Every structure is written in structure tokens, then in C-alpha cells.
Amino acid sequence: MVSLTGLWFGSGLFCSGLLSWLLEPLSFTFMQQAIAVGCLLGILSAVVGSYLILQQMSMMGGVISHAVLPGVSLAFFLNLNLAAGAFVAGLFSALVVVGIEMRSRIKVDAAMALTLSSFLALGIILINRLKTNQIDLNSLLFGDILGVSNQDVWQAAIITALILILTRLFYKELEFYTFDPTGAQACGLPVKIIYFGLICAITLTIVASMQTVGVLLVSALLVGPALTAYLLVKELWQMMFLGAVLGMATSTLGIYLSYYWDLPSGAAIALTIFSAFLLAWLFSPSQGLLNNPENRQYLSALLKNIDRR
Amino acid sequence: MLEVCDLAVGYRNHRAINDISFCLQPGTISGLFGPNGAGKSTLIKGILGLVPILQGSIRYNSLPLKRNLKKVAYVPQRNKIDWDYPVLVENVVMMGRIPTTGWFRKPSRNSRRIVASALARVGMSDFARYPIGELSGGQQQRVFLARAIAQEADLFFFDEPFNNVDYQTEDIIFDVFQELKQQQKTLLVISHDLSETITNYDHLLLLNQRLIASGDRHNVLTNQNIQQTYGRVLVNSY
């Protein structure tokens with residue numbers, strides 16, 4: 001009886017502790033805004049990232065995110081909107097990759113490697129020559145979600161709403177195209193326009209995420225939650241839905257960890273996302289490494305051998 | 001009638017296939033044969049406008065086929081598909097209904113009925129709610145056949161439908177071909193199986209960069225044609 005009361009009391013203490021752990025940071029406006037942006041981008045990246053993964057062009061996210069640098073630099077120099085500059089440059093890099101791939105025997109991964117580093121180099125030269133190094137390169141590269149403004153929240157909200165509406169409108173065509181591109185083309189679907197639309201959506205997502213996790217870590221947000229969901233579901237919409245939930249949860253958790261342990265926010269989010277992925281990879285009911293009988297036998301044999309030593 | 005006239009297709013200054021002219025009649029099953037690298041897939045892709053053509057014209061009932069793609073069902077080679085894609089069998093078949101459904105619309109009740117009966121026709125009704133990746137190769141091929149049926153097209157193109165499929169699937173595919181033939185559809189099938197199944201085709205085309213021969217079995221399968229297509233003489237004769 002005594003122990004039961006103790007347990008009740010203890011868990012009550014723990015709960016109230018957890019509650020204050022969760023609620024305390026929310027009294028700051030910057031934390032509210034950070035979590036709002038984190039959740040919006042969690043949804044946005046999971047939806048767009050699902051297509052990216054299923055199209056087998058996850059690396060395209062990396063290319064576009066690095067390629068925004070010259071655009072940002074030029075926009076800063078010309079006193080234009082940085083996001084617009086980033087969008088144009090990112091889109092252009094994707095077109096360069098597609099152009100090289102289509103008009104030569106070069107495979108897409110090699111075209112991506114070349115384009116990524118060349119655009120990055122162009123960005124570095126522009127920043128250097130145009131003396132635009134007042135740009136906060138650190139926050140651009142690594143993100144600073146705790147420094148988001150009200151305007152950033154609105155920008156993320158508008159982009160997320162736009163992409164969600166478009167995905168809903170063209171869901172069946174996009175599913176057909178990403179599953180069987182030649183079959184879709186043979187049916188008369190405008191596959192080039194669909195592909196271009198996807199590239200635009202990816203670039204928009206990266207531009208919106210720049211502020212949060214930075215261009216070097218944006219792939220984590222774009223690919224991670226959707227990939228985690230991919231291990232757990234049977235349909236595309238489930239992948240997007242679960243990916244969005246995971247994206248929101250991991251972003252929020254990452255922001256809390258960043259707040260309490262004084263970690264760089266982008267890196268904290270990226271590693272939280274990877275932890276969630278690891279859990280799914282090991283324990284997924286259908287595809288988990290540790291739920292495969294063969295792997296289990298192998299593991300237990302391995303552990304026995306270690307014991308003997 | 002499908003008329004292919006003086007077709008040449010190539011990638012980057014290289015002509016993969018050249019000087020191709022033939023006609024396919026409604027209510028016939030045509031088999032397209034040739035060695036690996038002969039350009040069989042390229043020919044079908046050229047006809048469907050999936051790759052740019054260098055010269056020639058493709059007409060269906062006297063109209064350019066490109067404006068008539070809704071009449072076309074195409075089943076690509078199995079290895080061109082990512083079978084790990086998270087999609088249910090019935091939704092794969094429903095993709096065949098997308099051209100008739102149109103933009104911004106949900107599939108009609110009629111479409112759902114057509115999808116269900118197409119799945120039943122290929123013996124896959126019990127698997128409607130399965131992810132496509134959990135099926136065997138033959139079952140996956142039958143699902144794609146069901147998708148082609150659900151399209152209610154007039155022209156059917158199959159790229160190697162018999163690769164790595166079981167005998168049951170092969171029988172079902174040939175049965176469906178016969179039914180489509182009865183419905184006056186036009187079928188073009190890529191295969192490289194010159195065994196007894198060849199009697200299923202009304203019209204044979206032998207391809208190796210150019211069209212070696214086109215016509216009925218007895219006129220096409222001469223030793224000279226086989227020699228020109230495969231570079232060797234086959235022992236069997238039909």
C-alpha cells in the first residue's frame with residue numbers, strides 16, 4: 001500500500017516535472033515561433049520528401065540546397081528578396097543537372113556531384129567579390145531556428161498551405177507518375193510539367209527550411225521523416241501523413257533539446273530525426289532489422305560467441 | 001489500323017532503329033521478336049512518343065497517334081518499375097482509369113467496377129488490398145495486365161510480359177490476349193520466346209536495327225530471316 005502511494009506520488013512528481021519542462025520554454029515568443037516553424041516545415045518536408053524518395057532523387061535535395069548560395073548572394077547584393085534569389089538559383093541548378101543528364105551519356109549522380117560543388121563555388125566567389133559577406137553565412141549554412149521572425153513563420157505557413165493544396169489536387173497523377181513514369185507518359189500525362197512542378201516544390205521547401213536547419217542540414221528534414229515513415233506504411237498517403245507527424249515531433253523535440261542543452265538547433269533537429277529513423281529501422285514490424293527471424297538468429301549467435309570469450 | 005511509316009529512332013546521333021514500316025490490323029496479336037539490343041523496346045517507345053523520333057510517321061485510324069494516346073495501353077518491362085513503392089494493388093489498376101477520369105476528379109463508381117472486374121479477370125481479386133511489393137513477379141505482371149484491361153484501350157503494347165513469370169500467369173496472359181483479339185483490339189507484344197507459344201501470334205515482326213520481316217508465321221520464320229535477325233540458324237522450324 002505504501003509502495004503504491006509512493007509510486008503514485010513519484011509519477012505525479014515526474015508528470016508535473018515533465019509538464020513544466022515542456023511549458024517553461026513556451027513562455028518565450030521566440031520559442032513559440034521556432035516550434036511553429038518547426039511543425040510547419042515538418043509537414044511540408046514530409047510531403048515533398050515522400051515524392052523525392054520515391055522518385056529516387058534524394059540527392060537532388062542536397063544539390064538544390066547547396067546551389068541556393070549564389071542566388072542568396074546576388075539577391076543580397078541587388079537588395080532583392082533573399083528567398084526569391086535562393087529559389088531561382090536552386091531551380092536553375094536542378095535544370096542544369098537534368099540538362100547534363102539528358103544531353104549526354106553522363107549518369108545523374110555524377111551530374112549532381114559536379115553541379116553541387118560548382119554552384120557552391122560560384123556562391124563563394126560571389127560572396128567574396130560582391131562583398132556580401134555581411135550575410136550571416138553561419139545561420140544560412142547551419143540554420144538558426146531560435147532566431148526566426150514572425151515573417152518567417154508566415155512564409156513557412158503560406159508555402160506549406162500551397163504545397164498541401166497542390167498535392168491534394170494532383171495526388172492521383174503524381175502517384176501514377178512517381179510509380180511508373182513511362183506508363184504515365186504513354187497515357188498522355190504531361191510528365192515534363194509534372195517533373196518541373198516537383199522540382200519547384202522541392203526548391204520551395206528547401207528555401208523555406210533554410211532558416212531552420214540551414215542548407216547543409218536540410219536533407220535531414222527533407223528525407224528523414226518521410227524515410228522513417230516509408231519503413232512503416234503501405235501506401236503513399238500514409239507515408240506523407242506519418243512522415244508529417246514524425247516531422248513535427250522530431251522538430252519540436254530537437255528545438256527543446258537545443259533550448260535546454262544549448263545545442264545548435266539545426267544539428268539537434270537533424271540528429272533527433274536520425275534517432276527516430278534508427279528506431280524504425282531496427283523495430284519496424286514489417287521491415288525492422290530486429291524483427292527479421294534470420295537476423296535475430298544471427299544476432300543471438302553473435303552474442304553467445306561474445307559471452308564465451 | 002496502326003500504320004508505322006519509315007520510322008527511325010535514336011539517341012544522340014546514333015540510329016538505334018531505322019527504316020521501319022508496317023501495319024497492324026485490329027483483331028490481331030502481333031509478336032515483335034529480335035535479339036537483345038535489337039531495338040524492340042525502342043520501337044514501341046518511338047511509336048508511343050516516349051523517345052523522340054528522328055523521322056517517320058505513326059498513324060492510328062489515319063490520325064497521328066500522339067493525339068490519340070488515350071486509346072493506348074502500355075505495359076512496361078518489369079525491371080523498369082520500383083516494386084518497393086508503397087501502393088496497393090487496386091490503386092495500381094486504378095491508375096489505368098486516370099486518363100478517362102480527368103484532372104481534379106475522383107474515380108467514378110463505374111471505374112471502381114471496371115477495376116474490380118479487371119482484377120477478377122486475372123485472378124487477383126483476393127490481393128486487391130495487398131501492397132504491390134508483397135506479390136510474386138508473375139502476380140505483379142498480372143496486376144499490370146489488369147491495369148491495361150481497365151484502361152479500355154484499343155491499342156495494347158506489352159514489353160516482355162513473359163519475362164520471369166510462372167506458367168499460370170503465362171496462360172492467363174494468353175487467354176486475355178485472345179479475348180482482346182475477339183474484341184477487335186490491336187496488340188503488339190515483345191517476346192523472345194520462339195518456342196511453341198509462337199502459334200499464339202497472328203502476325204510476326206522480326207527486328208534487328210531494321211525490320212527484317214513482317215507477316216504471318218510461315219512467311220516470316222524462314223531460315224534466311226532467322227539468320228539475318230539472330231545471326232544463326234535455329235534448328236526448329238514451324
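In the text below, chain A, chain B and the rest are named by the order of the sequence lines, each starting its count at 1. Treat the numbers as computed from the prediction; the structure is a model and nothing was measured.
- Side chain to side chain, Tyr85(B) and Thr178(A) meet the donor-acceptor criterion of an N or O pair below 3.5 Å.
- At a 4.5 Å heavy-atom cutoff, Ile53(A) makes no contact with chain B through either its backbone or its side chain.
- Remark: Lys181(B) engages Asp202(B) in a salt bridge, criterion side-chain N to carboxylate O under 4.0 Å.
- Looking at Glu175(A), the atoms closer than 4.5 Å to chain B (heavy atoms on both sides) sit in the backbone and in the side chain alike.
- For the set Leu48(B), Val72(B), Asp82(B), Asn68(B), the entry with the most heavy-atom pairs within less than 4.5 Å of chain A is Asp82(B).
- Highest contact tally toward chain A, considering only Arg147(B), Lys106(B), Met94(B), is held by Arg147(B) [criterion: heavy-atom pairs under 4.5 Å].
- Contact of Leu50(B) with chain A is made through backbone and side chain together, with heavy-atom distances under 4.5 Å.
- Looking at Asp84(B), both its backbone and its side chain come within 4.5 Å of chain A, counting heavy atoms on both sides.
- Ser41(B) and Gln77(B) share a side-chain donor-acceptor pair at under 3.5 Å.
- Atom CZ of Phe196(A) has 12 or fewer heavy atoms from other residues, nucleotides or ligands within 6.0 Å.
- When only modelled atom types and interatomic distance are considered, Gln151(B) and Arg97(B) share no side-chain donor-acceptor pair under 3.5 Å.
- Only the side chain of Phe144(B) comes within contact range of chain A, judged by heavy atoms closer than 4.5 Å.
- Residues Ile206(A) and Gly61(A) approach most closely at CD1-O, 3.4 Å, considering heavy atoms.
- With ring centers used as reference points, Phe170(A) lies 6.0 Å or more from Phe176(A).
- In terms of heavy-atom pairs under 4.5 Å with chain A, the best-connected choice from Tyr74(B), Trp103(B), Trp83(B) is Trp103(B).
- Only the side chain of Tyr230(A) comes within less than 4.5 Å of a heavy atom of chain B; its backbone N, CA, C and O stay farther away.
- Residue Val92(B) touches chain A through its side chain alone, counting heavy-atom pairs closer than 4.5 Å.
- For the set Lys70(B), Arg105(B), Lys66(B), Glu134(B), the entry with the most heavy-atom pairs within less than 4.5 Å of chain A is Arg105(B).
- Counted by atom type alone, Asn18(B) and Gln209(B) present zero donor-acceptor pairs between their side chains at under 3.5 Å.
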